[in-house]
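As the structure is a prediction and not an experimental result, all values here were calculated from the model. Chain letters run A, B, ... following the sequence lines, proteins first, then strands; residues in each count from 1.
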2 protein chains.
Amino acid sequence: MKATTIYDVAKEAGVSIATVSNAINGKGKVSKKKRDEIFKVMERLQYQPSVIASALMGKKTYTIGLLIPDVSNPFFSEIARTVEDLAHSEGYSVIVCSTDNKDDRVEKYIRLLEQKSVDGILIGTGVENADILTQLAEKSLPIVMIAREAVAMPVHSVLTDDFKGGALAAEHLLGGGHRQIAVLSENFKVTSSYERVRGFRFALFEAGIAVDDESIISCDSSIKDGKRAAAVLIRGENRPSAIFCCNDLLAIGALQAAKEAGVRVPEQLSIIGFDDTILSTVTNPALTTVAQPMDQMVKLAFDLLIRSAENTDEIKQRIVMQPELIVRESTSTPAN
Amino acid sequence: MKATTIYDVAKEAGVSIATVSNAINGKGKVSKKKRDEIFKVMERLQYQPSVIASALMGKKTYTIGLLIPDVSNPFFSEIARTVEDLAHSEGYSVIVCSTDNKDDRVEKYIRLLEQKSVDGILIGTGVENADILTQLAEKSLPIVMIAREAVAMPVHSVLTDDFKGGALAAEHLLGGGHRQIAVLSENFKVTSSYERVRGFRFALFEAGIAVDDESIISCDSSIKDGKRAAAVLIRGENRPSAIFCCNDLLAIGALQAAKEAGVRVPEQLSIIGFDDTILSTVTNPALTTVAQPMDQMVKLAFDLLIRSAENTDEIKQRIVMQPELIVRESTSTPAN
DNA sequence: AACGATTTACAAATCGTTTGCAAATCGAGC
DNA sequence: GCTCGATTTGCAAACGATTTGTAAATCGTT
């Protein structure tokens with residue numbers, strides 16, 4: 001059975017389609033009597049305007065895209081959920097795209113979203129070449145980067161002060177008396193991780209502590225890889241008394257490596273994560289970590305996205321939020 | 001700058017739009033010479049056909065909807081990721097909708113997806129009234145339920161034998177010598193949970209063990225609620241030696257309640273979960289749980305969805321998969 | 001009753017595709 | 001060179017909405 005169209009409603013209500021359209025959108029004047037009649041018919045026929053057709057006439061599609069590395073990663077699935085709630089409350093739907101941080105996927109998905117005429121794209125994954133974003137900007141497709149740096153790109157962005165976050169972690173460890181400290185990082189191409197490590201090292205440097213390069217390991221962002229990398233750190237000849245991990249996944253890997261090696265956390269080894277995902281509350285010991293105010297960030301980013309749909313060529317904003325240290329159980333003063 | 005349309009390509013290539021369309025879709029015959037010319041122009045102009053316009057002509061939108069209770073819940077975010085990968089590999093995008101198990105949301109989101117002319121909907125959340133599904137079936141909008149029962153509904157479904165899963169958990173606990181057993185369940189309106197509990201109790205019944213009603217608690221599906229509910233069980237006068245939780249979230253709540261009450265898991269209390277999410281590998285002790293073969297299930301469901309788009313009014317299938325017990329560290333023989 | 005001033009309703013054009021059918025082109029056979 | 005199928009191409013009508021300009025209906029005044 002075909003869906004009912006505006007023609008069916010018009011015929012049934014004895015008016016023209018223009019009048020039905022006006023009644024629905026509250027545009028031109030429609031007498032109360034006809035309007036009531038039209039709504040009654042719409043109700044009876046279960047009429048629902050086709051978003052497709054009205055999008056073709058240049059109206060919005062009420063759909064936005066969300067680009068993230070991986071929805072099944074708790075950090076991003078929490079973002080996705082917040083985006084979704086915000087979006088739905090304003091009548092939008094969201095198409096989720098997991099890029100696995102692969103550049104070609106980023107590009108492919110952006111093209112796809114463009115073809116589908118989304119009203120905007122929220123990007124929470126790294127973007128290599130600014131070209132594609134410039135093209136979209138020219139087509140005035142709103143884009144907002146979230147939790148990722150976007151230097152020299154024609155887009156709004158809202159992110160955390162990752163450098164500061166790294167420093168926060170360093171200060172906490174320093175305060176606990178740690179001197180032998182290692183770092184577990186995601187691939188340095190991920191700017192947020194790079195900044196975190198930079199901030200971390202800077203704070204240590206200021207305190208007169210050096211981190212030798214062998215104690216900084218970078219690997220893929222997964223529990224498994226974190227575990228493997230942490231294992232070599234732990235088995236190494238001068239085992240660190242603390243490990244700073246660029247995200248919670250890596251920190252959990254480290255926790256597992258420690259457990260397997262029989263070293264107790266936090267008594268023999270302190271571990272600190274980043275992101276404050278649900279995972280960090282679930283481990284035992286619970287993970288000390290650095291939190292980003294994600295809900296606020298997402299809200300800001302979403303508003304920016306929707307607003308910039310109306311108000312294009314406005315100056316691109318770069319909003320940076322402050323991270324916060326969340327002390328739980330995985331860190332302490334070193335035993336020695 | 002406006003996007004390039006099929007007209008631009010046609011004019012530039014010196015042919016009609018019909019020919020361009022044919023060249024793209026490989027429909028009517030187009031001479032090699034013109035086809036090459038057309039593709040060259042498309043390349044040069046960066047032409048991308050508008051999905052909107054072609055959808056209006058009755059073609060597919062290459063978009064599907066995914067209805068789940070909550071993307072930020074690891075069980076569902078893992079499903080979402082699998083769906084997404086499958087979808088993208090076939091050129092589809094997926095709109096994710098979190099329903100929080102609220103009936104009105106389910107209905108609202110389905111209507112929304114319908115308006116947007118998605119090619120199909122994958123439902124992983126409970127649906128109260130079959131009416132709405134019947135309507136969609138009449139409009140021949142393909143629907144597949146996943147991990148949820150759909151009795152008397154005109155849709156395909158692929159799910160786990162939850163009854164069996166519950167029994168598996170019971171047998172494991174029984175094998176460990178437990179006799180004093182409690183159950184932590186999600187709201188019984190969630191059919192999968194209901195079945196799990198039913199299967200669990202049945203297996204105990206067959207072994208001659210009874211679970212008194214006070215030892216079966218149902219609450220919202222979250223760590224916090226699980227913790228609260230488990231706490232009363234643990235503090236109760238005759239503390240169980242084992243708790244069967246209908247999903248991993250509740251099990252983690254139980255784990256936390258135990259930790260807080262100072263009872264050791266699994267020495268003093270065994271806890272078993274359900275779903276085998278990433279969370280169950282992260283806790284300490286790692287969670288014994290019942291796994292559903294989600295990847296397979298999602299693949300099956302997706303294929304059913306896409307295939308039933310072509311082949312409508314085919315008989316509705318109900319595929320049921322077998323659950324598997326995953327023994328980790330949170331269960332053991334009771335201490336007494 | 002007739003007038004202009006307002007409302008209200010409508011017909012037609014438009015958005016960017018697909019598609020059935022007619023027109024044009026082509027190659028081959030005589 | 002002409003005719004006849006076969007093959008390519010293009011025209012024009014959808015698809016389901018929005019929007020604009022204009023005609024018709026309504027209203028209040030005199």
For [X] and [N], what is the distance between atoms [atom1] and [atom2] respectively, to the nearest whole Å?
| X | N | atom1 | atom2 | value |
| --- | --- | --- | --- | --- |
| B:K34 | C:dC26 | NZ | C1' | 13 Å |
| A:Y7 | C:dA11 | OH | P | 11 Å |
| A:N22 | C:dT7 | CG | P | 15 Å |
| A:Q115 | C:dG16 | CD | C1' | 13 Å |

Have a look at [X] and say if it touches a base, only the backbone sugar-phosphate, or nothing, with a 4.0 Å heavy-atom cut-off.
| X | value |
| --- | --- |
| B:S21 | base |
| A:V51 | nothing |
| A:S54 | sugar-phosphate |
| B:I17 | base |

From the 5' end of DNA chain D to its 3' end, which nucleotides mark the outer limits of contact with chain B, defined by a 4.0 Å heavy-atom distance cut-off (strictly under)? D:dT8 to D:dG16
Report the residue (B:L56 or B:S16) whose heavy-atom-nearest nucleotide on DNA chain D is the more 5′ of the two.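 Looking at DNA chain D, the more 5' nearest nucleotide goes with B:S16.
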Between B:A18 and B:M57, whichever has its closest DNA chain D nucleotide further toward 5' is B:A18
Check for a donor-acceptor pair, side chain of B:H156 on one end and backbone N or O of B:V144 on the other, with a separation under 3.5 Å. no
Does the side-chain hydrogen bond (donor to acceptor under 3.5 Å, both in side chains) test come out yes or no for B:T160 and B:Q292, once each step is laid out? CA-CA 6 Å; B:T160 305; B:Q292 309 184 51; 2.5 Å; yes
Salt bridge between [X] and [Y], side-chain N to carboxylate O under 4.0 Å?
| X | Y | value |
| --- | --- | --- |
| B:R81 | B:D85 | yes |
| B:E114 | B:R111 | yes |
| A:D36 | A:K40 | no |

Determine, stepwise, if the pair A:L159 / A:E149 fulfils side chain to side chain contact (heavy atoms under 4.5 Å, CB included). CA-CA 7 Å; A:L159 33 75; A:E149 193 59 75; 3.8 Å; yes
Presence of B:Y47 side-chain N/O under 4.0 Å of C:dT17 phosphate oxygens OP1/OP2: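 So the side chain of B:Y47 is within the cut-off, an N or O lying under 4.0 Å from OP1 or OP2 of C:dT17.
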